[in-house]
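Quick note on labels: first sequence line is chain A, next is B, and so on, each numbered from 1.
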Amino acid sequence: MSYKVITRPLKRIDAREKVTGEAKFGADLNFSGQLYAKTVYSRYPHARVLSINTEKAEALHGVEAVITAADVPGENELFGRFPVFAEKEVKYTGDGVAMVAATSKSIAEKAASLVEVEYEELPAVLTIEEALAHGAALVHTDAPGNFIENTHHLMRAGDVERGFEEADIILEKTYRTQFVEHGYIEPEVVIALPEPYRRGVEIHGSIQNPYSIRENVARALNLRISEVRVIPGNLGGSFGGKDESVMLMAARTAITALKTGRPVKMVLTREESILESAKRHSYKAKYKIGARKGGTIVALENTIYTQGGAYNNKARFANWRASVHAAGPYRIPNVKTDLYGVYTNTIYGGAFRGFSAPQVVFCNESLMDELAAELGISPKEIRLKNCLKPGDELVTGQVLRPGKIPAPLKQMIEEVCSRSDFDRKREEFSAGNSGDEPVKRGIGLACTFRGTGLGGEGIDTAGATVTIEKDGSVNIVSNLNEMGQGMRTAHAQIVAETLGISYGRITFSPTDTSVVPDGGPTVASRGTLAGGNAMLIAAQKLKERLLMEAGKILNCSWEGLVIEDEIIQYRGKEKLSITFDELIPRCIMERGLTLSAQGWYNPGPEELDPETGRGNAYPSYIYGCAVAEIRVNTLTGKLDVDRITAAYELGRVINPQIVKGQLMGGLIQGMGYGIMEDTETKEGYLITRNFDELMLPTSLDIPEIDIILYETDQNIGPYGAKGIGEIGVELSAPAIANALFHATGRRVRELPMNLERVLLGRALKR
Amino acid sequence: MQEFDFVKAKSLDHACTMLAGKRGRAKVIAGGTDLMIGLRNHRLSEEVDTIMDISGVGELAYIREEGELIRIGAGTTHAELALSSILWEAAPVLSMAAKSIGSPQIRNRGTIGGNIITSAPCADTVPALLVLDAALLLRRGESVRQVQIADFFEGPYRVKAAEDELLLEISFRRLRDGAKSLFDKLTRRNALAKARMNIAVIALQDKNKVVKDLRISLGSTTPIPCRFTDAERLFLGKVPRREDFLKAGQIISSEMVEKSGYRWSTDYKKPVVEALTAAALKRVLKAE
Amino acid sequence: MKKIRVSLRVNGRIFTLETDPNRRLIDVLREDLNFTGVKEGCGIGECGACTVLMNGKPVNSCLVLIGQAEGSEVVTIEGLKGKNGELHPLQEAFIEAGAVQCGYCIPGMILSAEALLQNNPHPTEDLIKEAISGNLCRCTGYRQIIDAVKIASKKIARKE
Ligand SMILES: Cc1cc2nc3c(=O)[nH]c(=O)nc-3n(C[C@H](O)[C@H](O)[C@H](O)COP(=O)(O)OP(=O)(O)OC[C@H]3O[C@@H](n4cnc5c(N)ncnc54)[C@H](O)[C@@H]3O)c2cc1C
Ligand code: FES
Ligand code: FES
């Protein structure tokens, strides 16, 4: 099949505005008469709120409103138990107890410091261990054992007891990963304004999931869903993060906007952003694996605790995803997996690129190397031996059948190893490391697979509207959101390809909850897969409408017509043709047709057995394999990554440049949480408050990157595409951990592998 | 952001007169790369009501060579230091330190004077200036005084200067012929990274490898930045032995523990101080 | 707090304003002069999103008090386009190389690269990395940005 628009590295549809500085982000918008809002945060990780005195703040000249839980017209508790304002109790230091709105930023800042809150401190649980300890204080009194509701997910395949009996060797290891901050460079922004033309409220800002925020704001404000309109602006990155805290900001500012009758703008400082926004869940994972002498894995048992923080609405989904992937991309006949979400009086876990995979893949792939070392075989060999191959059954019971679910992992491992010269470098580095030079080199391998779309997490719908205008321009709107990942460009390419027209005709409108129906959130790498399918469906409807009309004009059966290069033509008869530019005005102005179509993609629910966790977890899977080469100074613990070679199977690549950008960006984020990023806390208070402590990778920290793309046919997405947004982030950390072991013989089982852990094997607590 | 009045110094004299007139109620801003963070975090002392900008005072920005003496205006930026060929030739240890700071943006604003006055434990120019035995020239109103940099620090973020005193100049002798110098910095990432620890060394050996001069200073190591003379003495007048490199590191790490106490970070810092010292000495000294 | 009077040239135009002295250059550029291409990411000099050229050099506009900018020449991303709206070679190159994802870091990134190319039209990869090391990008992993600067360098050479 040859394509005209897709598969090409076309320029991003939104690039020009972004390189000229013309693209507006939330903070760049201003409405006349707007107020500036600031949240008053909790002073303790856990405390009873005895009283809140807002008098002094209200008395300050320029303060227009000070609101607390008492001012919430509807429900104060939103999805995931997040309170709009903490009322009787604060459960972590990011809880908001009040919000001030004033005529200037500086007055708002001053007013916030004048709100007086009296607390009585309560005992706090700050770690998974503390939360699970017998007699631990409860974060939520109705969540016994501090277990988060609906977060126990499991997988049962075969019989692990029997499996371990068959094993010649059994390893038990515990791994931990940290809370990871998204670190998008744009801090959160929300502006709420009273609807100018009707009852209700309009909300702009850096909002990843406008529909769920609309629903929650409606609940908090006691409005109908249709009375809340959410228009996310350009997002300066999100990666899953601009969700829970933005929901709270939206509710708080919307309440104030309706109360004061004025637009209310809230821009978080970086410190507030890190304090109040979600993090990647911190994991404590206990693994037990059994294998035969020759390296065949026979059983795996793991119990994983995911730290959810004070409130949580993601662990219930993320833990489910983890349950499907916790045995890795390997054929293991006997598996027993359990995941539990745990409440603590700390920052909370949310969605962050990978959505459980970064943690699980770090554990699994570290374990594979530990097992290989124990068995005395190479990391490559153990993976080649056990990796999923055509015909194998996944832990879910799904069978890998090329054409349905491809299984190219073995080939990918071989290719990545040969391209990176894995075997030779392993020997060469080992030999070089034997001297007393402090700098050692290492090379490490890691693999992954990833269920595409939401699968059993929820119904994977998406909506799109495609409209052809009189002048032949074509506008697209998705219910899914552009956050920098390039989704709109992929959508535009899909629509242009389907309509047989040039990419340059496509324009886009921002997502707007009043325009496109709710088709679920922009998560789970769904943008191209589900969102692209919705675009494809809408474009196909329009194409059919155009062909039917052309058939009437040309006096031929429309089934024989094709559109290519903007010409509608009867197959094989060049004379029977009409150009796109001729056809459109005739359709619209002469025939009164609507050339606007809605696409709705609905793959239907996936069926799962609640007792075993097995079933059609995901309609398809994608694969990745990476090799990392590092240098580490064994006297200081300083680790640098020199090179990453990686291969990914992604179905069809709609735009190779964007795909590579996603994968490389993901690999660097993965390296970041792998070796340097941390969110440190001390007694429940964040120490990592701004970018000076967060340690995001800079341009001087990045390795050479070599990426190989695998394409396969007959996938579920548009033109065979699958999701690419997340898998890139998964492999760096485990490949680096394995390279570090190769270099030093030291296994680091906790992230990040920072100076202290590399040198001493443990982190230091302040 | 805190509130204050703002004045822009037009000249050195203007700056000093103004400062004297304000009797401690004015605070100087140079590049602002430290002070602006203080203002954001409300750390400006209550007594201060005025910020005086010296970033436009050209008289404070220079790098001059006067015979053996190198003189640097306190308002010279790190970028200017890192670009100066005079400095690379006369005292590469300081050039390296300046080049390692922050990012291009920070180096374009941040000044050597600000780095010294802020006196963060991780300040990169400070160990370099300590091994250069730099002298500081300060002015208060009309009176000018000179102090050795080794006598200037009182503790982390504390220097022995009055609020209305202006740092004018940093001067030191150029490295002697044949002397080697080195600055090294351990960081959590390769840019935008304050030093976890840093080290500056100057060494001079004669033809027979006898150590004529050796100066060692490490930052983020002791509460008051200093040279480690006990470690230096291990080598002076002798031909270095390999095992002394590590021994010097141990002398320094014990001095660190003695002066700073055993802190949360000592488990890490102790072996690393030893390693950094040994590695630096190995690079600048020829052993037996 | 007494207001101060400040004159500065931004993107070739002189602006004179009266303002509170405790405002930063970034505040005035964004709020008073509407150069919203200048972005704020951290407010402490760590991200470079607020980078502008001040007297030809990249600086963090979040660390400059407005009074300090008196008499200076400032260039923001809005000042890079040509008179007839044509894109600067760096802007073209960033589009071509796919160096833009969310776009939030891009104005600062381009200005840092511009300062580099002004001084050194043919930088090595190491110099490019060094020049943008004060600009964090969380999306791209920097590789395509580095490619873009290389492409721009070739474009500029071709024009000359
Ligand atoms: C992102 C970032 C990265 C950084 N990285 C590093 C790094 O890697 N290494 C490092 O050492 N530092 C680093 N710093 C700190 C800072 O840049 C340096 O300390 C810089 O040298 C301070 O100089 P300045 O001119 O900006 O000082 P300012 O902020 O203007 O002033 C600092 C202090 O010095 C006083 N002062 C300044 N000049 C004089 C003078 N002539 N006489 C009397 N008092 C004076 C001021 O009143 C103020 O108290 C970093 C800072 C940031 C924001
Ligand atoms: S906002 Fe100025 S450097 Fe981040
Ligand atoms: S493109 Fe998003 S931060 Fe750089």
Side-chain angles (χ1 to χ4, degrees), chain B residues 1-10 26-44 48-58 61 75 77-80 82-83 99-111 114 187-194, chain C residues 1-8 19-27 40 42-72 108-109 111-116 119 126-136 142:
Chain B
M1 179 87 85
Q2 280 171 281
E3 296 190 355
F4 45 79
D5 289 333
F6 178 89
V7 287
K8 203 169 170 66
K10 295 188 184 71
K27 181 100 186 147
V28 164
I29 188 166
T33 57
D34 280 322
L35 190 69
M36 290 297 282
I37 315 245
L39 292 177
R40 175 187 173 88
N41 297 330
H42 296 262
R43 282 200 303 252
L44 189 65
V48 174
D49 60 18
T50 302
I51 295 221
M52 189 184 75
D53 179 26
I54 58 165
S55 64
V57 177
T77 64
H78 299 302
E80 287 159 351
L83 269 180
K99 189 166 181 271
S100 81
I101 286 175
S103 65
Q105 291 93 321
I106 295 297
R107 295 195 289 276
N108 280 334
R109 295 290 297 168
T111 63
T187 53
R188 292 192 184 278
R189 60 180 173 188
N190 297 329
L192 283 168
K194 288 170 190 159
Chain C
M1 192 163 59
K2 287 197 281 290
K3 287 202 188 290
I4 51 168
R5 212 178 132 86
V6 184
S7 270
L8 69 167
T19 179
D20 284 337
N22 67 347
R23 296 176 74 212
R24 307 164 301 171
L25 176 58
I26 186 175
D27 300 326
E40 179 155 3
C42 68
I44 60 162
E46 289 277 344
C47 75
C50 66
T51 301
V52 299
L53 302 184
M54 194 169 158
N55 302 323
K57 293 181 187 135
V59 305
N60 302 115
S61 62
C62 70
L63 295 184
V64 178
L65 280 180
I66 184 59
Q68 295 188 286
E70 163 67 33
S72 65
M109 201 64 90
L111 289 165
S112 285
E114 164 69 1
L116 169 71
N119 281 324
D126 283 347
L127 282 174
I128 296 172
K129 284 185 181 172
E130 173 67 44
I132 58 166
S133 64
N135 297 80
L136 295 179
Y142 305 102

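- Comparing C:Ile132, C:Leu116, C:Val64 by heavy-atom pairs within less than 4.5 Å of chain B, the highest count is held by C:Val64.
- Minimum interatomic distance between C:Ser133 and B:Leu192 (heavy atoms only, all atoms of both residues): O-CD1, 3.5 Å.
- Rounded to the nearest 0.5 angstrom, C:Met1 CE and B:Gln2 CD are separated by 11.0 Å.
- A donor-acceptor contact shorter than 3.5 Å links the side chain of B:Asn108 to the backbone of C:Pro58.
- Using a 4.5 Å cut-off between heavy atoms, C:Ile4 touches chain B through its side chain atoms alone.
- For chain B, no part of C:Ser72 is nearby; none of its heavy atoms comes within less than 4.5 Å.
- Heavy atoms of B:Leu35 lying under 4.5 Å from chain C are absent altogether.
- For the pair C:Leu63 and B:Met36, the tightest heavy-atom approach, listed with the atom from each and the gap, is O-CG, 3.1 Å.
- One distance of note links CG of C:Leu65 with CD1 of B:Ile29; it measures 4.0 Å at 0.5 Å rounding.
- Of all the heavy atoms in B:Met1 and C:Asn22, the pair that sits closest is CG-O, 3.1 Å.
- Residue B:Ala30 touches chain C through its backbone alone, counting heavy-atom pairs closer than 4.5 Å.
- Options B:Glu3, B:Gln105, B:Arg109 differ in how many heavy-atom pairs under 4.5 Å they form with chain C, and the most are formed by B:Gln105.
- A distance of 9.0 Å separates CD of C:Glu130 from OG of B:Ser103, quoted to the nearest 0.5 Å.
- Looking at C:Cys50, neither its backbone nor its side chain comes within 4.5 Å of chain B, counting heavy atoms on both sides.
- To the nearest 0.5 angstrom, B:Phe6 atom CZ is 9.0 Å from C:Glu70 atom CD.
- For chain B, the option among C:Thr51, C:Asp20, C:Ile66 with the highest count of heavy-atom pairs below 4.5 Å is C:Thr51.
- From C:Lys129, atom NZ reaches atom CG of B:Asn190 across 9.5 Å, with rounding to the nearest 0.5 Å.
- Between B:Arg189 and C:Glu46, at least one side-chain nitrogen of the basic residue sits less than 4.0 Å from a carboxylate oxygen of the acidic one, meeting the salt-bridge criterion.
- C:Gly134 and B:Pro104 make their closest contact through N-CD, 4.0 Å (heavy atoms, listed as atom of the first residue, atom of the second, distance).
- Checked by atom type and distance alone, the side chain of C:Gln68 never pairs as donor or acceptor with a backbone atom of B:Gly56 at under 3.5 Å.
- Residue C:Ala131 touches chain B through its backbone alone, counting heavy-atom pairs closer than 4.5 Å.
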